[in-house]
Amino acid sequence: MAAPLPYPACVASHGAAWLAAPGGEAEAVDPRAAARRLADTPHLLVNAPLVASRLGLPECPGLDLLELFAFVHPARFVVPSAAGLSAFLGLPLPDTLAAEARLLGALAARLLATLGDPLWPARAGAFESALRLERRGWGWAAEVRSRLAAPARPEPSLFAALPRFEEAPPRPEPAVVRLAEEEVEARLAALRGSRREPRPLQRAYARALLHAFQPRETRDGPNLVVAEAGTGIGKTLGYLAPAALHAERTGGAVWLSTYTRALQRQLRAETRASLPPHLGGRPIVVRKGRENYLCLLNLEDALQAGFSGRSGILAELVARWARYTADGDMAGGDLPGWLPALFRARAGLAGLSDRRGECIRAACPHYRACFIERGVRAAGEASLVIANHALTMAVVARGGGEVPQRLLFDEGHHLADAADSAFALALTGAEAIELRRWLLGPEGSGRRVGRRRGLAARLLDLSAHDEGGAAALDAVLEAARLLPADQWLDQIGAGEPEGPVEAFLAAVRTQVLTCAAERDEGHSLETAVADLLPGLVEAAEAARRALARLRQAMGVLGVRLAQVAQARPDWLDAPGLARLEAAAAGLAERAERLGAWEAMLARIGGAADPRFVDWFALVRVQGDERDAGMFRHWLDPLVPLAGAVLSRAHGVAVTSATLAGPEEPEERLGDAVGAAHLATAPRLFRAPSPFDYAANARVFIATDVTPKDPAMLALAFARLIRAADGGALGLFTAIARLRSVHARIAAELAAHGLPLYAQHVDPMDPGTLVELFRADRRASLFGTDALRDGVDVPGESLRLIVFEGVPWSRPTILETARRAAFGGQAHEDRQVRRRLAQAFGRLIRRADDRGVFVLLGPQVPSRLLSAFPPDVPIRRLPLADVVAETRAFLGSACQSEGVFLGRAGAGAGAEE
């Protein structure tokens, strides 16, 4: 073991801390004493923001081992704890917090010793990076610099070292091949290999999905398969078998779409384990929206003094990562999710991606190294594309050459939610500013203004060489100044809006504040588009005219771009033509959005369109106003899903464990995907879970716990978590109650050696919280909706789920309209049963799992209990009896002590 460094170390739990002298013993101290020691002397820490949170401090200075890890091992993941670092570095796992404190020095020494290893794979760029970090005042810089020798010859900069893409010829059309069931079964057997046992239902499932990958039967719509397969069927391998076979035999692409980034990551891990890197000579790639990837131009700005202080250090570590990343994905890729949280710099990280419509595409000096463009081209050449529902819908609905012919939607029960977001419209200040930035670029002063981003940068050649094009561009830029600018929210709050669109937003804000029912102080407010205050109709008409003027100017410019592209004058080279074509496509897309906004504004004061639900809203976060405007959603989002997405494909498979309620007939499966809106009938498949829920699961309803009583709720959670010895996932319907319960019980649980992590409390992203939870069998985790659907933790680490109350829908304007249109209470019950079924599905992930599901509250209608498997025992009991039954049922699973890290960092989860 490497010698410890001469720094003291600190670890913290709720309400207590342990400090260790260099190479010495650890002592327990109270948080105030720990805070004083930390302020006086730099200490070794792991996850400084979490330590600060545990000690009740706003921040915690010190030497964070995770920052050092990010430098030494860029683009590598580690569970962000002392135990996680120990497992990664091959050191003994600590079994107490005191042992953790004693271990931190050795962990730091081991990381620093890597810098002298001649086989260290991340040496390139390290010396120059360390110099820059030293200039920025990074705490680890002196230790790192003393161990790094200058390279023998100058190294290329990051931007020169990154690979470039080359334009490829158009991809051939997929061959028309009919696949046999025997071929699919043989491929499934090969994927399964010796790692997993044969499953009869999995074979039947794979055969059923084959129809979606056969030649299309009619031009009127896709070959559609809707398949509900219970947990444990083996869905992932079941659909990979026909999908991979189709891609290999036809040369076409299959898009495998999931709902969340975490599920994309799990699916990519499964394809790496089960499939070769290429199918039919084509790769398997992950594809996400532009906002997920590092923008090299933004990174260059940040490195050249665009970011300062701690944000500047983050930018340097991101640049270090960028040299080694597989694909530049900052959200769910190989950039550790905990890294930006160390710097409390979520906004800073957002500034490194293309979130604000400023990308200038081919006009960018880093265009051919761009991670986004490389990803688009890789997907165009791929056999399997692992995407998410939002991107898949956007790509297909937008049309063009990239539209895939074969789609498979996993987590299909979320299709309606994804379509609801994908086809919604919002005319708000934030949306209008994004359009203004795309057209005008950043305004004001600073380096990014000097970059001449915006439409003028994209069309620099046109404005310099084509008089008609320059005039059309000037007209667009002039009309764009009628859109809200950065300070619009302050201006309308002060009653001083500038321009017709800001005036409309100010009128909307007044309408909402006047008419909305104030139920939750500080939360967002909404009101119907009815009983309008004086002046709102006139403000809407003035805004509509301003938007129409901009749209018409954009149309004129688009026509001129097409004329220039067709004429190909001498001054227009190939890169210039690419810039013109990209600008023209962007103009057309945004002009379409302007037309939709105009239609929304024209509806104000007139008759409502029965296809849509419209409302005004003032968006607030913890009392702070963030946005305002008009919102429009489809009453039935499955209508545009069917018309704009499903009908354009040749074959579509939709699958999930919960597409319809267990009490509903198989014929209802098609309702979950809008099959009634297609001209072709779906083929349906349904198979129950093979798990023995009667033996391995219990459902209890605690009849004497009132969820709205904070003290009683906290008591219930504390007693249940102690009965299970941790391993609990607590699900909440309200963030305020989550925080209240956490504050009441975290210290008590910590005193019993039971760590508690919480979404909306701990300064980490949900993915990192899940990894910490997964890595320690005595830990528990609190969360809301994102964790209800996004946790895949098989084994002992998750053995108890406690659901705070029945997850009723919030009675928003949109939800109320849908309830009235689709069956009233029956519609709401279906929604709730699906949420309960999804939550229960987190509990038993493999055949040998055992777990308890607890619903708190005396008023749980019996009609909702069909959400659970029919053979699982369900009992209504007082809390004391639920606690006793939980302890007895989990039995030996609650007896072992200590830290469990068997799956730390794997990130793949179990195959369903």
Side-chain angles (χ1 to χ4, degrees), residues 413-414 416-421 423-426 428 508-509 511-532 608-623 625-638 661 706-710 713 731-740 760 783-786 788-789 803-839 855-865 867:
H413 62 282
H414 281 303
D417 294 333
D420 194 26
S421 297
F423 297 103
L425 279 172
T428 69
V508 166
R509 179 178 180 271
Q511 177 84 22
V512 174
L513 290 174
T514 303
C515 302
E518 183 79 29
R519 287 184 295 272
D520 296 312
E521 185 67 33
H523 289 211
S524 297
L525 301 175
E526 62 180 25
T527 186
V529 184
D531 298 324
L532 303 179
D609 187 327
R611 298 174 299 169
F612 302 112
V613 180
D614 298 329
W615 70 94
F616 298 134
L618 179 63
V619 179
R620 302 191 298 191
V621 177
Q622 295 182 355
E625 294 185 15
R626 300 291 179 87
D627 204 2
M630 182 177 178
F631 295 80
R632 164 169 284 187
H633 283 236
W634 283 80
L635 179 64
D636 183 359
L638 296 178
T706 304
K708 292 186 179 180
D709 183 333
L713 195 61
L731 297 173
F732 289 78
T733 59
I735 295 174
R737 283 197 286 276
L738 181 155
R739 289 173 170 159
S740 172
H760 306 293
T784 51
D785 288 356
R788 185 187 69 220
D789 294 320
F803 213 135
E804 168 262 321
V806 177
W808 301 113
S809 304
R810 290 185 59 236
T812 62
I813 290 172
L814 178 60
E815 185 58 36
T816 300
R818 287 177 175 163
R819 191 180 303 181
F822 302 128
Q825 188 60 51
H827 169 75
E828 172 65 5
D829 288 351
R830 284 194 296 272
Q831 302 288 94
V832 173
R833 281 194 292 266
R834 191 165 296 153
R835 292 171 192 140
L836 290 174
Q838 279 297 310
L855 260 173
L856 301 177
Q859 298 178 338
V860 179
S862 297
R863 66 181 185 274
L864 301 179
L865 301 184

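A search for side-chain contact (heavy atoms from CB on, under 4.5 Å) contacts involving L513 returns R509, L525, L618, not counting sequence neighbours. R863 meets the side-chain contact (heavy atoms from CB on, under 4.5 Å) test with W808, Q825, D829, P861; sequence neighbours excluded. For the ring pair (Phe, Tyr, Trp, His ring centres under 6.0 Å) test, no residue two or more places apart in sequence or in another chain qualifies with F423. With sequence neighbours excluded, the residues forming a side-chain contact (heavy atoms from CB on, under 4.5 Å) with S809 are E815, R819, E828, Q831, R835, listed by chain and number. H827 pairs by the ring pair (Phe, Tyr, Trp, His ring centres under 6.0 Å) definition with F822, not counting sequence neighbours. In this view, A839 and L731, R788, F803, F853 satisfy the side-chain contact (heavy atoms from CB on, under 4.5 Å) rule, not counting sequence neighbours.
R632 places no side-chain N or O within 3.5 Å of a backbone atom of A424 that could act as its donor or acceptor partner. R620 places a side-chain N or O within 3.5 Å of a backbone atom of H523 that can act as its donor or acceptor partner.
Residues H760 and T784 share a closest heavy-atom pair of NE2-OG1, 3.3 Å. Across all their heavy atoms, C515 and T527 have their closest contact at CB-OG1, 3.7 Å. Nearest heavy-atom pair, V806 versus V860, reported as atom, atom and distance to 0.1 Å: CG2-CG2, 4.0 Å. Nearest heavy-atom pair across A837 and A867 is CB-O, 3.5 Å. Pairing each heavy atom of H633 with each of D420, the nearest pair is ND1-OD1, 2.8 Å. Across all their heavy atoms, L713 and L856 have their closest contact at CD1-CD1, 3.6 Å.
Annotation: side chain of L836 is in contact with side chain of P807 (closest heavy-atom distance under 4.5 Å).
The distance from atom CZ of F616 to atom OG1 of T428, rounded to the nearest 0.5 Å, is 13.5 Å. With values rounded to the nearest 0.5 angstrom, L855 atom CG is found 10.0 Å from E804 atom CD. Taking CZ from F631 and CG from L814, the interatomic distance works out to 11.5 Å, rounded to the nearest 0.5 Å. Considering NE2 of H413 and CZ of R834, their distance stands at 8.0 Å, rounded to 0.5 Å.
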Candidate pair V619 and E625, rule side-chain contact (heavy atoms from CB on, under 4.5 Å), full reasoning: CA-CA 6 Å; V619 179; E625 294 185 15; over 6 Å; no
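A cation-pi geometry, defined here as NZ or CZ lying under 6.0 Å from the six-membered ring centre and within 45° of its normal, does not hold between R737 and F732.
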